[in-house]
Each structure stands twice: as C-alpha cells, then as structure tokens.
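Working notes, beginning with the structure itself.
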Amino acid sequence: MAKKQKPNRPKARLPRGFGDRQSAEIRATNQMVEKIREVYERYGFDPIETPFLEFTDAMGKFLPDTDRPNAGVFSLQDEDDQWMSLRYDLTAPLARHVAQNFNQIQMPYRTYRQGWVFRNEKPGPGRFRQFMQFDADSVGAPGVQADAEMCMMMADTMEALGIKRGDYVIRVNNRKVLDGVLEAIGVTDEAQKLTVLRAIDKLDKFGVEGVKLLLGAGREDESGDRTEGAGLDEGQVLKILALLAMTISFKSGPGTIQTWKTPKELGWIEGDEEESVSNALYQLATLQSYCKDNGYPSDCIKIDFSCVRGLEYYTGMVYEAELTFDVTNEKGQKVQFGSVGGGGRYDGLVSRFTGQPVPATGFSIGVSRLMTALTNLGKLDDAEMPGPVVVCVMDKDVESLAEYQKMVQELRDVGIRAEMYQGNPKNFGKQLQYADKRNSPAAIIQGSDERARKVVQIKDLVAGKKAAAAIKDNETWKAERPGQFEVALGEGKSRFVKLIEEIKKLIKVN
RNA sequence: GCCGCCUUAGCUCAGUUGGUUAGAGCGCUAGAAUGUGGAUCUAGAGGUCCCCUGUUCAAUUCAGGGAGGCGGUACCA
C-alpha cells in the first residue's frame with residue numbers, strides 16, 4: 001500500500017530576524033516607550049511621525065549600478081518603476097520631512113519619533129531585521145549646548161528606564177579630532193583612514209591589543225576568521241593608542257584643557273595644527289563642562305576618543321550610550337552586545353535636499369535592543385498581568401447565561417477585566433483550570449443551588465493556591481474548596497453591588 | 001559575506017559501531033472524579049529523526065550538496 005500522500009502545506013515559519021511579539025513583551029515595550037516619551041516631552045520635544053516607506057533616493061540608498069537597491073534595505077518598485085524602501089532609521093525620513101516643509105517649520109525644530117525600522121542584513125544577538133527606535137532631534141540648533149542637551153537627555157532616559165548611573169556610560173567624541181590627528185600622523189589615504197577609524201571603534205570590544213592588531217597587520221577571531229588590518233607602522237599605531245588613552249577635562253571654566261596635548265605639543269607635526277582640531281577639542285571640553293555643571297560627571301558623560309559611530313553622515317560631535325555590565329543570552333552565554341543608542345551632529349543631511357546648510361543634532365535609542373538586554377538581565381518588568389475574572393457557566397439555559405453575562409458586564413462597567421467562560425461548559429473543572437491558566441484573580445460560580453438561595457460563590461484563586469499547598473489528597477482538596485467563599489446577592493437592579501465590592505477587595509489584596 | 005557549532009515528539013534532550021516496533025522528562029487529551037484549579041494514579045494522541053542526491057541488501061545513522069538556528073567576525077545609516 002502506498003504511503004498516504006500528505007497535502008503540500010506551507011510551513012509555518014518566519015523570515016530570519018523577524019519575530020512575533022507576545023502580550024507580555026508588548027506591554028513591556030509600551031511601558032518602556034512611555035518612560036522614554038516622558039523624558040523627551042519634559043525636555044520640550046514634540047512628536048511627529050513619518051511613514052514606513054520612503055523613496056529610496058530620499059533615504060540616500062541610491063545605487064544606480066544594481067537592479068535592486070537591496071544592500072541593507074528592503075526595497076520594492078512602485079507601478080511607475082520608482083524604487084521605494086522600508087525606512088532603515090528615523091533620521092533620514094526626518095531630514096526629508098524638514099526639507100519638504102522647510103518654510104513652515106519653526107527652527108530650532110525639536111521633535112521626537114518612535115517606530116519600527118527595517119534592515120536587510122544578518123541578525124545577531126539583540127539585532128533584528130525589524131526593530132524599534134526612539135529618536136529625538138534638534139534641527140537648526142548649531143551650538144554645542146544642543147549636543148550637550150542630547151547627551152544629558154540620553155542619560156536621563158537610561159535612568160528613567162531603570163538603568164542606574166554607573167551601569168551605563170554616554171561616550172562623546174568629536175570626529176574632527178580624529179580626522180586632524182590622523183592627518184598629523186600621516187594617514188591621508190581615504191580608504192586607510194576608514195579602516196583606522198573602524199579599528200578605533202573596536203576598542204571597547206577587543207581592547208588595546210585587538211585594536212593594535214587591527215591597526216597593524218590584522219586580527220583573527222575565535223572562529224579563525226581573519227580581518228585585514230590598516231597596515232600602519234608601529235610609530236603610527238603607538239601614536240593612535242596614545243591618543244585613545246588621553247582624556248581632556250576642565251578644571252576652572254572654559255578655556256583650559258588640562259590633560260590633552262595637541263599633536264604639535266606631542267611633536268607629531270612641525271607647524272600649527274588645523275584650526276578644526278582645536279575647535280573640536282574646545283567643543284568637547286565645553287560640552288563636558290556643561291554636563292558637569294548640571295550634575296553629569298565625566299564618568300557618566302565621558303569624552304572618549306575611541307567613539308567613532310557612523311562614518312557616512314556625522315559631521316562633528318558623536319555620542320553613544322553603552323551598558324557597562326555583561327549581557328548574557330537565555331543560554332547563559334556572554335554576548336557582545338554593542339551600544340543601545342547613539343547619535344551625533346549631522347549638519348549635511350537636510351542640505352542634501354535643499355542645498356542650504358542646516359545644522360542638526362540628535363540621537364536614537366534602540367528600544368528593541370535595549371529591551372533584549374533588560375530582559376536577559378531580568379531588569380524588565382515582565383510579570384504576567386492578572387487575567388480576567390472568569391464567570392463560570394454552570395447552567396446552560398438562556399436565562400442563566402444572560403445572568404452570567406450581566407455579572408460580567410457589571411464588572412467591566414467598574415473597570416474590572418472580566419469574561420464569561422466561552423469554551424465547552426460541559427466539564428466544570430475545565431473552567432477553573434482555564435481561569436487558573438489565565439492567571440485570573442477570581443472565578444465566580446453560580447449553579448442552580450446558589451441561584452435558589454440568591455447567592456454566588458467567589459473563588460479567590462490566588463489565596464486558594466496558597467491555602468491548598470498543604471493539602472495532599474484530592475478528597476480534602478475538593479471538600480475544603482480553598483479560597484472559596486459565599487456572597488449574598490441583593491435584589492433587582494443593584495443585586496450585584498455586594499459581589500462587585502468583594503471582587504474589588506480581592507483584586508486589591510492580590 | 002566569511003568562520004565555527006548545531007538541527008530527533010508541542011518544548012528540553014537521549015539514542016542508533018548502518019538492521020525489523022526511535023525513547024525519556026515536561027506539556028497536551030481523556031479517565032479515576034458528570035459541581036470545584038493543585039498533587040496523585042491510569043490510559044492515549046503526537047515523528048518525513050531538517051531537505052535533496054549518492055553509497056549500501058538496508059540510511060535517522062555514512063558521504064556530498066542545500067536550508068534553517070545559534071554564536072563569532074565583516075559591514076552597519
């Protein structure tokens with residue numbers, strides 16, 4: 001006999017990097033988002049929203065040589081053959097929005113936005129192909145105060161989310177410092193410069209030794225994969241490492257940089273340094289001064305020359321929020337987690353559209369990634385929400401069912417989650433089992449006996465569970481009915497008043 | 001993209017030096033117990049052993065290829 005042919009059904013599965021979200025996760029996300037929103041609102045930012053799809057060229061992913069601009073973004077073609085892409089961040093759409101509404105917008109334009117973004121790339125720990133970001137930006141704000149404000153707001157946000165000071169650090173840098181120093185030590189080739197910057201960015205990940213290898217000959221990872229280095233000579237490598245070890249700070253007001261030595265003072269160059277380098281240093285020092293004076297010490301908002309960030313569009317200040325404790329996954333493995341948020345100054349982004357220079361600064365919190373970290377750490381409030389009060393179905397005649405439904409509605413009217421059992425009511429035990437699994441605080445029982453006596457049984461499921469812990473045999477268990485008590489009903493319209501009172505009391509206690 | 005590890009029941013995982021009927025725990029369903037959650041006992045359902053090709057009398061097991069998962073690394077707006 002031939003094998004029974006199974007119908008060719010589609011496999012229930014998801015594309016990698018995407019995931020369904022359970023109610024506990026959604027509630028936790030909503031809580032996080034609400035906390036972030038409160039901080040941004042308090043700083044005087046207003047919400048705006050842009051759509052998921054943008055024209056690909058508006059987002060800066062225009063790749064004329066490829067058929068599909070799919071490198072890193074999800075793209076599709078409209079009926080008129082124009083390429084559109086799912087947004088890969090919230091900054092590029094904001095720039096588009098500002099350019100498009102330039103004349104109506106009051107600068108400085110302080111806005112925030114939250115939502116899903118999409119990246120067509122390999123997912124990793126805490127990295128998804130659909131994830132949530134929460135951004136804040138000041139457009140038309142040229143001063144270093146705007147950058148300082150961003151850093152302070154980032155710190156406030158971390159703390160609002162329950163991450164204590166010391167468990168995170170905001171690292172700040174000015175890209176022009178690195179640019180100037182690289183120039184001074186003779187790294188002028190653009191490609192090599194990029195490799196060097198990427199190597200520097202890896203300091204927190206691989207440590208000094210790792211960066212040394214990446215700046216020089218190259219590095220092998222633990223799986224044996226090799227990364228080509230920047231090919232600098234030993235003198236250049238040492239100079240960069242010296243830079244990374246430096247700190248700058250103020251002692252007494254703007255103007256005095258204490259421990260920073262310029263390339264010239266270090267003897268790396270003959271003439272005067274680029275003005276841009278000293279400007280950049282001055283900005284950093286000013287930022288740190290602002291932050292310090294407002295209660296954010298230099299180990300909280302920290303100048304760090306190894307902070308590089310996106311190479312393409314940041315034009316000056318860059319900042320990054322990082323967790324300082326280890327993150328492990330559900331298997332207990334320690335995981336390379338990376339930053340949970342970052343941003344910087346992008347003075348060129350709006351002028352892509354308008355031709356007019358528009359200074360802007362902003363940052364983005366990786367909500368999804370931060371949530372993964374907090375979940376793995378058990379710092380997230382993922383306690384199951386209490387289920388609904390379940391009104392059990394004992395009698396199936398129309399009149400009784402209407403009475404059960406009435407109880408449910410009255411509970412709902414006073415704001416208590418409640419439902420009538422909607423499964424097969426044949427087996428009564430199933431109904432209580434259902435209530436138990438839904439994490440219900442209580443079940444309400446009214447059979448013909450209770451009906452005749454004008455009472456209901458309330459079963460306090462939480463107290464019952466506790467009381468029952470000692471009971472071993474089922475006979476006693478059934479006889480004692482742990483957690484259960486009787487309530488007399490009144491008459492007429494207000495007959496459920498007492499019942500509702502009792503349920504309220506019970507929910508409060510549990 | 002590159003490198004490593006992994007894939008057997010709904011879940012976590014055993015196992016087969018290539019052999020007839022592939023197991024456990026948990027979960028699920030039913031019963032003991034038709035008006036009482038848990039614990040207990042009994043029974044039951046549930047498998048393309050990731051897929052394809054090859055070697056073989058015989059492949060879940062071996063070989064080659066592919067897919068998916070996890071981790072590392074590269075890239076990252």
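Naming: A, B, ... by sequence-line order, numbering from 1 per chain.
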Name the stems with RNA chain B in them: runs of three or more consecutive Watson-Crick or G-U pairs, distances under 3.5 Å?
B:1-7 with B:67-73, B:10-13 with B:23-26, B:28-32 with B:40-44, B:50-54 with B:62-66
Whole-Å distance between B:U36 P and A:Gln446 CD?
17 Å
Is a side-chain donor-acceptor pair under 3.5 Å present for A:Arg21 with A:Thr29?
yes
Tell me what A:Asp460 touches on the nucleic acid: a base, only sugar-phosphate, or nothing, going by heavy atoms under 4.0 Å.
base
Whether A:Lys202 contacts B:G72 is assessed here as follows: a side-chain N or O lying under 4.0 Å from the phosphate OP1 or OP2. Is that the case?
no
Closest of B:A77, B:G35, B:G71 to the A:Met394 side chain is B:G35
Tell me whether the OP1 or OP2 atom of B:G38 has a side-chain N or O from A:Gln433 closer than 4.0 Å.
yes
Counting the atoms with a prime plus P, OP1 and OP2 as sugar-phosphate, which does A:Arg198 contact under 4.0 Å by heavy atoms, base, sugar-phosphate, or nothing?
sugar-phosphate
Whole-angstrom distance between B:C62 and B:A24, as gauged at atom P:
24 Å
Residues A:Glu403 and A:Lys406 bridged, charged N to O under 4.0 Å:
no
Lys NZ or Arg CZ of A:Arg175 over A:Tyr314 ring: under 6.0 Å, within 45°:
no
Stacking between B:A77 and A:Tyr313, yes or no? Criterion: centroid separation under 5.5 angstrom, plane angle under 30 degrees.
no
Can a donor-acceptor pair under 3.5 Å be found between the side-chain atoms of A:Gln457 and the base atoms of B:U36?
no
Sugar-phosphate, base or nothing in reach of A:Ser448, heavy atoms under 4.0 Å
base
Sticking with atom C1', work out how far B:U60 lies from B:U8, rounded to a whole angstrom.
7 Å
Check the distance between B:A32's P and A:Glu475's CD and give it to me in whole angstrom.
13 Å
Over how many whole Å does the gap from A:Ile445 atom CD1 to B:G35 atom P extend?
12 Å
By the 4.0 Å heavy-atom rule, please label A:Lys430 as base, sugar-phosphate, or nothing.
sugar-phosphate
So, under a plain 3.5 Å distance rule, would you say the side chain of A:Lys478 forms a donor-acceptor pair with the base of B:U36?
no
For A:Lys205 and B:C75, give me the distance from atom NZ to atom P, rounded to whole Å.
9 Å
Can you find a side-chain donor-acceptor pair between A:Tyr40 and A:Gln114 that sits under 3.5 Å?
no
Give a yes or no answer on whether the side chain of A:Arg110 reaches the backbone of A:Pro108 with a donor-acceptor pair at less than 3.5 Å.
no
Is a donor from one side chain sitting under 3.5 angstrom from an acceptor on the other, for A:Thr361 and A:Tyr319?
yes
For B:G69, take OP1 and OP2 only and decide whether either is under 4.0 Å from a side-chain N or O of A:Arg16.
yes
By the 4.0 Å heavy-atom rule, please label A:Gly483 as base, sugar-phosphate, or nothing.
nothing
A:Arg219 side chain near B:A74 phosphate (N/O to OP1/OP2, under 4.0 Å)
no
